[in-house]
Amino acid sequence: MCRMGADEAAQSAWSRVDTSVPHSARVWNYWLGGKDNFPADRELGDKVFEVYPDIVHVARAQREFLVRAITFLAGEVGIRQFLDIGTGLPSADNTHEVAQRIAPDSRIVYVDNDPLVLVHARALLTSVAGGATAYVDADVRDPDRILAEAAEVLDFTQPVALVMFGILGNVADTGEAQAIAKRLLDGVPSGSYLTLNDGTHGEAVDKAIEITQADGHPYNLRTPDQITSFFDGLEVVEPGVVSTPLWRPAAGVDPQPLFIYGGVGRKA
């Protein structure tokens, strides 16, 4: 378990960061309008934007879906524990901020294996009194380690919300990705939830993926049915696994579908 806050840890992580080449987390930060990016990131981000202008909407839609899903889980459902895997760079309305606004006693563990995220992790670990946040430096392909280290903060006899946004697209084989999701779900008790989204195919999206792959950032798109398969055996919350802007949109919003699908499901 890495609880961060030690300057030595951040300095060690920063020494492994190369700002001269684009980095997927920083490119995503650029599309979200953030400042934690460099010229190489903006150059790649602009290349993708040229062939797929909706990427900016996708980045924002994913963040908005996170807010709605965590609000549902912490508010309507009453979940008080969250395991957020594939955290990415801190932004506005991170999981702990949304959950602890609703329930200050919420406990959140973030998981990522990216040194750049490690540099910024202290921003993720500012918990309100009564709650807790922690950071695990681990790869999504090692679910046993994730569960073991998260158990230092989370009580796995009580329901946990697994949050997996955009992370399983980094696993090339769909069967392996399904097995990872299943192992994580096997490690949490009945009454736990999975909320997940990933990118789907489209002509412009496929062109964008070709560009990012050429720059050394492969991402594996999946069909809506393949994304739905991650929820096999769960009670899927209405409206199901859908284009994320269509998942319980805010009142007065006219959502438009994008090539990103996700949902929320409950473990019986």
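Along the sequence shown, the residues carry numbers beginning at 1. Since the structure is predicted, the reported quantities are computational estimates derived from the model, not experimental observations. Note that these values count all heavy atoms, side chains included, but never hydrogens, waters or copies made by symmetry.
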| field | Steps toward side chain to side chain contact (heavy atoms under 4.5 Å, CB included) verdict (Ile227, Val241) | value | CA-CA 8 Å; Ile227 294 172; Val241 182; 4.1 Å; yes

| note | Paired with Pro143, the side chain to side chain contact (heavy atoms under 4.5 Å, CB included) test is passed by just one of Ile85, Val111, Leu184, namely Leu184

| message | On a heavy-atom basis, which atom in Leu44 and which in Pro22 lie closest, and how many Å separate them? | response | CD2-CB, 3.7 Å

| message | Set out, in order, the CA-CA distance, both residues' side-chain angles and the distance that settles side chain to side chain contact (heavy atoms under 4.5 Å, CB included) for Gln256 and Asp254, then state yes or no. | response | CA-CA 7 Å; Gln256 301 300 312; Asp254 181 21; 3.4 Å; yes

| field | Test item: Asp112 side-chain N/O and Thr87 main-chain N/O as donor-acceptor pair under 3.5 Å | value | yes

| field | Matching residue for Ser106 among Gln81, Arg80, His96, Arg101 - test: side chain to side chain contact (heavy atoms under 4.5 Å, CB included) | value | Arg80

| task | For residues Ala161 and Leu73, report the shortest heavy-atom separation together with the two atoms involved. | result | CB-CD1, 3.9 Å

| said: Can you tell me how the ring of Phe165 sits relative to the ring of Phe65, calling it parallel under 30°, perpendicular over 60° and tilted otherwise? | reply: parallel

| query | Would you say Ser192's side chain and Val188's backbone share a donor-acceptor pair under 3.5 angstrom? | reply | no

| Are Tyr219 and Val140 grouped together when hydrophobic residues (ILVMFWY) are joined by side-chain heavy atoms under 4.5 angstrom apart? | no

| For His23, which residues count as a ring-ring contact (aromatic ring centres under 6.0 Å, His included) partner, sequence neighbours excluded? | none

| query | When you check the gap from the basic side-chain N to the acidic O, do Glu210 and Lys47 get nearer than 4.0 Å? | reply | no

| Can any side-chain N or O of Thr195 pair as donor or acceptor with the backbone N or O of Ala69 at less than 3.5 Å? | no

| query | Is a side-chain N or O of Ser243 found less than 3.5 angstrom from the main chain of Leu258, in a donor-acceptor match? | reply | yes

| request: Give a yes or no answer on whether the side chain of Asp173 reaches the backbone of Glu176 with a donor-acceptor pair at less than 3.5 Å. | output: yes

| message | For residues Val128 and Leu125: do they belong to one hydrophobic cluster (side chain heavy atoms under 4.5 Å, members Ile, Leu, Val, Met, Phe, Trp, Tyr)? | response | no

| message | Do Ile209 and Ile211 sit in one hydrophobic cluster, given that two such residues count as connected whenever their side-chain heavy atoms are within less than 4.5 Å of each other, even indirectly? | response | yes

| query | Run the side chain to side chain contact (heavy atoms under 4.5 Å, CB included) check on Phe259 and Leu221 step by step: do they pass? | reply | CA-CA 10 Å; Phe259 291 106; Leu221 300 170; over 6 Å; no

| task | Give a yes or no answer on whether the side chain of Tyr52 reaches the backbone of Gly202 with a donor-acceptor pair at less than 3.5 Å. | result | no

| For Gln226, does its backbone N or O pair with a side-chain atom of Thr223 as donor and acceptor, under 3.5 Å? | yes

| query | Between Ser190 (side chain) and Ala268 (backbone), is there a donor-acceptor pair under 3.5 Å? | reply | yes

| request: Enter the distance from Asn170:CG to Arg141:CZ here, rounded to the nearest 0.5 Å. | output: 6.5 Å

| field | side chain to side chain contact (heavy atoms under 4.5 Å, CB included) evaluation trace for Val109 with Phe82 | value | CA-CA 6 Å; Val109 172; Phe82 298 83; over 6 Å; no

| side-chain hydrogen bond (donor to acceptor under 3.5 Å, both in side chains) evaluation trace for Gln62 with Thr244 | CA-CA 7 Å; Gln62 176 166 285; Thr244 56; over 6 Å; no

| field | Distance-only donor-acceptor check, side chains Arg63 and Ser91, under 3.5 Å | value | no

| field | Check: Glu97 side chain, Asn94 main-chain N or O, donor-acceptor pair, under 3.5 Å | value | yes

| request: Starting at CZ of Arg266, measure out to CD1 of Ile79 and round the result to the nearest 0.5 Å. | output: 8.5 Å

| request: Look at Asp46 together with Arg42 and state whether they make a salt bridge at an N to O cut-off of under 4.0 Å. | output: no

| Rounded to the nearest 0.5 Å, how far does OG1 of Thr174 lie from CZ of Arg222? | 3.5 Å

| task | Could you pull out the closest heavy-atom pair between Asp144 and Arg183, with the gap in Å? | result | OD1-NE, 2.6 Å

| field | Taking every non-hydrogen atom, the tightest pair across Ala59 and Trp31 | value | CB-CB, 4.1 Å

| field | Charged N-O contact under 4.0 Å between Asp36 and Arg26 | value | no

| task | Could you check Gln178 against Ser229 for side-chain hydrogen bond (donor to acceptor under 3.5 Å, both in side chains), going step by step and ending with a plain yes or no? | result | CA-CA 7 Å; Gln178 291 167 333; Ser229 74; 2.8 Å; yes

| said: Could you tell me if Gln158 and Asp155 have a donor-acceptor pair between their side chains, going purely by distance under 3.5 Å? | reply: no

| Electrostatic pair Arg145-Glu149, nearest N-O below 4.0 angstrom | yes

| request: Please report the closest heavy-atom contact between Val58 and Trp28, naming both atoms and the distance. | output: CG1-CH2, 4.1 Å

| request: Measure across Pro249 and Leu246 and return the closest heavy-atom pair with its distance rounded to 0.1 Å. | output: CD-O, 3.6 Å

| remark: Taken to the nearest 0.5 Å, the spacing of Phe230 CZ from Thr228 OG1 works out to 9.5 Å

| task | Would you sort out whether Lys207 and Glu50 count as a salt bridge (Lys or Arg N to Asp or Glu O under 4.0 Å), showing the intermediate values? | result | CA-CA 10 Å; Lys207 289 180 180 178; Glu50 285 178 10; over 6 Å; no

| field | Side-chain touch Val117/Tyr110, heavy atoms, less than 4.5 angstrom | value | no

| said: Can you confirm whether Val163 sits close enough to Leu66 that some side-chain heavy atom of one is under 4.5 Å from a side-chain heavy atom of the other? | reply: yes

| message | Run the ring-ring contact (aromatic ring centres under 6.0 Å, His included) test against Tyr30 and tell me which residues pass, sequence neighbours left out. | response | none

| said: I need the Thr19 OG1 to Leu116 CG distance, nearest 0.5 Å. | reply: 10.0 Å

| query | Looking at CG of Asp198 and CD1 of Ile260, how far apart are the two atoms once the value is rounded to the nearest 0.5 Å? | reply | 7.5 Å

| field | Donor-acceptor contact present, side-chain Lys267 to main-chain Leu234, <3.5 Å | value | no

